[in-house]
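Chain naming here is simple, since letters A, B, ... match the order of the sequence lines and numbering starts at 1 in each.
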Amino acid sequence: MSAGGGGLGTPRALPSSGPRALRDMPHPLAASSSEEAASELTPSPDLLLPRSFADKDLSLPNGTPVDTSSPASSSSLLNRLQLDDDLDGETRDLFVTVDDPKKHICTMETYITYRVTTKTTRAEFDLPEYSVRRRYQDFDWLRNKLEESQPTHLIPPLPEKFVMKGVVDRFSEEFVETRRKALDKFLKRIADHPVLSFNEHFNVFLTAKDLNAYKKQGMALLSKMGESVKYVTGAYKLRSRPLEFAAIGDYLDTFVLKLGTIDRIAQRIIKEELEYLVELREYGPVYSTWGGLEMELAEPLEGVSACIGNCCTALEELSDDMTEDFLPVLREYILYSESMKNVLKKRDQVQAEYEAKLEAVALKKEDRPKVSI
Amino acid sequence: MERPEAEPLGASHSCQTGEAEPGTGPAEEEPGGAAAGTMMEDCLSKKIEITVSEAEKRTGRNAMNMQETYTAYLIETRAVESQTEGQCSPPDSLWRRYSEFELLRNYLLVNYPHIVVPPLPEKRAEFVWHKLSADNMDPDFVERRRIGLENFLIRVASHPIICQDKIFYSFLTQEGGWKEMVNETGFQLKADSRLKALNATFRVKNPDKRFTELKHYSDELQSVISHLLRVRARVADRLYGVYKVHGNYGRVFSEWSAIEKEMGDGLQSAGHHMDVYAGSIDDILEEEEHYADQLKEYLFYAEALRAVCRKHELMQYDLEIAAQDLASKKQQCEELATGTLRTFSLKGMTSKLFGQETPEQREGKIKVLEEQIHEGEEQLKSKNVESREFVKSAWTDIERFKEQKNHDLKEALISYAVMQISMCKKVGFASDG
């Protein structure tokens with residue numbers, strides 16, 4: 001008995017994750033979701049939209065033409081996004097901001113909260129404006145909820161959860177600001193997402209005075225959602241993965257690797273630049289000292305000294321910008337890629353289950369004639 | 001006005017071209033630049049063109065008959081007139097090694113103590129940063145030394161006084177027997193006593209304020225330029241590191257572009273720019289090394305300046321001692337003549353104890369002393385004249401040197417700044433691209 005007979009070639013595309021549906025979604029990595037984000041970012045526009053490998057002609061063995069514009073790219077998407085940008089003021093009806101970090105010192109722990117402000121005209125919201133305080137834990141909770149409830153959607157990443165105590169100061173201005181920016185971006189992306197922004201957990205996150213009470217309520221339902229835990233673990237044995245997804249997987253693997261290397265190089269450059277700066281700071285003043293000895297040469301010597309001073313300042317700014325603007329973007333995309341890989345894994349798992357069920361059906365069919373009446 | 005004191009031995013000047021008195025400071029005509037062609041009317045450099053055009057590795061046997069490797073430099077000289085006539089006659093040339101240059105310079109130092117003698121490029125590589133080699137045989141070092149030696153010769157040839165020196169001229173034109181010629185001048189003896197004197201400690205009662213200040217200045221200048229060169233070397237080291245790490249981007253961008261479609265070209269281009277950027281540091285630092293050499297020249301010049309001041313101190317001290325000596329002799333004479341004992345002296349005591357000397361003896365002594373006093377007075381007179389002449393000619397040369405220094409260093413600083421600016425511009429283009 002051939003378990004792989006009949007219509008068991010390539011599994012049919014599962015309805016809710018068909019490429020068509022994905023394509024219609026504006027990609028969460030798209031630039032238009034927040035203009036603020038775009039102005040903070042210094043990398044060239046190209047970096048904001050990871051490009052696709054898939055300009056080859058693919059089609060599923062059963063003949064369904066596969067739309068080669070995968071979620072991550074396509075100029076048509078870009079055009080659509082740009083169009084959205086033009087109509088921005090008119091079509092966006094949900095605005096979210098994260099600001100005003102405050103430190104809270106309690107007996108058990110010390111932590112930071114951020115103010116989340118919402119302005120909206122949507123009917124789903126009772127009031128036009130909200131202002132609540134949330135801490136990182138709450139954002140993390142929201143993200144998990146979104147992943148659970150919208151498993152086929154790509155949820156934007158959060159900044160790193162864990163920081164090495166002793167290496168990074170969790171309460172330093174720099175760290176808090178970097179985190180705040182990332183959290184702000186996170187919420188804005190969800191707010192601009194046509195599906196995710198209507199998620200009820202998101203609504204509660206933005207509006208509830210006491211989020212913890214709501215969270216506890218949600219826990220009781222965990223058993224139902226218990227299956228979600230299975231999704232992320234293990235690799236699944238598949239008959240064949242559709243080319244499209246295999247390609248995305250390969251791309252992501254390399255992409256993450258390259259970004260990681262770039263991150264390391266960037267950090268090394270910053271380190272070298274700082275060491276260079278140390279020497280430069282000693283260099284400039286020596287010219288001044290020399291100028292003090294001279295008459296006619298005093299002016300040009302002072303001039304050189306001043307120029308070196310300017311270089312020091314400029315270099316400092318450069319390094320700061322690298323740390324504040326460039327590195328976080330790299331890390332964000334690495335996190336994004338990790339999310340995507342999780343989604344792919346889930347897809348694999350669903351495919352595996354589907355195949356298993358098909359096998360089971362086939363077996364039962366074969367058994368049926370044996371059951372004699 | 002008399003000739004400056006030290007006539008080099010064996011030099012019968014033929015290079016007199018009816019030039020102005022050395023003491024009137026030709027510096028008024030042009031600030032003394034180092035570049036060939038901007039020289040004063042009188043100087044050798046206007047008449048002949050000097051280049052150190054090549055360097056060659058040689059092996060030979062040294063004084064202890066052991067095999068050694070050294071570098072020889074080709075000195076070419078060509079009469080300037082022959083160029084203007086439109087024909088390029090072949091230059092005269094000969095080979096010299098660094099130690100011969102050193103010999104020449106020592107000779108000049110001894111025989112022209114009132115002149116700030118141009119320095120040689122460094123004997124050993126100093127102020128190096130990690131990529132530079134400290135090896136004297138390293139081709140980059142040899143190349144920079146070649147330029148430095150040429151510069152030295154041109155500076156000497158441009159100096160109104162020392163350019164006329166016969167030994168210098170022979171150095172440029174006579175390959176064989178030059179060393180013997182120099183040694184025959186007997187300058188080595190003087191050299192040894194000069195060195196001793198330079199390092200001796202003594203106190204001058206009435207120092208010339210100008211020279212004291214100048215010596216102080218030269219000490220400070222040496223100190224500040226050394227410091228500057230040390231820090232610059234560290235800066236160069238660090239800058240090299242920054243540029244080279246950027247080069248690592250090149251490969252990653254290249255690899256990344258391979259998996260991208262629309263972004264691929266941009267990434268390739270960025271990667272290429274990073275490679276170009278990383279590679280550009282070698283040229284930048286080479287140019288900077290040239291700037292460092294210019295600073296080093298003046299570091300060594302400061303030493304020469306100090307030597308002139310020291311020489312003056314020495315003369316002053318000599319003068320004071322001579323005057324003191326004379327004064328005490330005179331006093332002795334007086335005492336003997338008048339029979340009064342003003343100061344304690346052993347002679348006085350012994351004569352008191354053992355009886356006065358005979359009038360004849362006294363007469364004899366007085367006569368001797370009077371002769372000595374006469375000699376002493378003559379000597380003191382000539383020493384005074386010497387000293388005044390020294391001060392005059394030294395001060396002239398010092399003024400000339402000051403102008404030259406200001407001019408050269410200003411130019412060096414400006415071109416350093418220009419270089420830095422163009423370097424930054426290049427970076428700007430790279431990041432825009």
(request) With the side chain counted from C-beta on, respond yes when B/L221 and A/W290 share a heavy-atom pair under 4.5 Å apart, and no when they do not. (result) yes
With rounding to the nearest 0.5 Å, note down the distance linking [atom1] in [X] to [atom2] in [Y].
{"X": "A/T261", "Y": "B/N248", "atom1": "OG1", "atom2": "CG", "answer": "10.0 Å"}
{"X": "A/K258", "Y": "B/I259", "atom1": "NZ", "atom2": "CD1", "answer": "8.0 Å"}
{"X": "A/L297", "Y": "B/L413", "atom1": "CG", "atom2": "CG", "answer": "7.0 Å"}

(request) Might you work through the salt bridge (Lys or Arg N to Asp or Glu O under 4.0 Å) test for A/E282 and B/R234, ending with a clear yes or no? (result) CA-CA 10 Å; A/E282 192 184 328; B/R234 292 205 302 262; 2.8 Å; yes
(message) Using a 4.5 angstrom heavy-atom cutoff, name the option from A/V286, A/V278, A/T254 with the most pairs to chain B.
(response) A/V286
Please check if the number of heavy atoms outside [X] that lie under 6.0 Å from its [atom1] is greater than 12.
{"X": "B/R210", "atom1": "CZ", "answer": "yes"}
{"X": "A/D253", "atom1": "CG", "answer": "yes"}
{"X": "A/E338", "atom1": "CD", "answer": "yes"}

(request) With chain B as the partner chain, list the residues of residues 305-318 of chain A whose heavy atoms fall under 4.5 Å from it, by residue number, and write 'none' if nothing qualifies. (result) none
Name the atoms and distances for all side-chain donor-acceptor pairs under 3.5 Å in residues 264-275 of chain A, with sequence neighbours left out.
| from | atom 1 | to | atom 2 | distance (Å) |
| --- | --- | --- | --- | --- |
| A/Q267 | NE2 | A/D263 | OD1 | 2.7 |
| A/E273 | OE1 | A/S319 | OG | 3.0 |
| A/E275 | OE1 | B/R238 | NH1 | 2.5 |

(message) Only pairs of heavy atoms separated by less than 4.5 Å count here; which of B/L409, B/N406, B/V242 has the most with chain A?
(response) B/N406
(message) Heavy-atom pairs under 4.5 Å with chain A: which of B/K244, B/K410, B/H246 has the most?
(response) B/H246
(request) Tell me the residues of residues 223-231 of chain B whose non-hydrogen atoms fall below 4.5 Å from those of chain A, in number order. (result) B/V224, B/I225, B/H227, B/L228, B/V231
(request) Quick one: sort the A/Y287 and B/Y416 rings into parallel, tilted or perpendicular, breaks at 30° and 60°. (result) parallel
(message) Please give me the minimum heavy-atom distance between B/E220 and A/L293, naming the atom from each residue.
(response) OE1-CD2, 3.3 Å
(request) Mind checking side-chain hydrogen bond (donor to acceptor under 3.5 Å, both in side chains) for A/S339 and listing every partner two or more places apart, or none if nothing turns up? (result) A/R143
(request) Using the salt bridge (Lys or Arg N to Asp or Glu O under 4.0 Å) rule, take B/K405 and A/E294 through it: C-alpha gap first, then chi angles, then the decisive distance, then the call. (result) CA-CA 11 Å; B/K405 176 201 79 170; A/E294 300 282 345; 2.6 Å; yes
(request) Using the side-chain contact (heavy atoms from CB on, under 4.5 Å) rule, take B/W256 and A/L259 through it: C-alpha gap first, then chi angles, then the decisive distance, then the call. (result) CA-CA 9 Å; B/W256 182 5; A/L259 282 190; 3.9 Å; yes
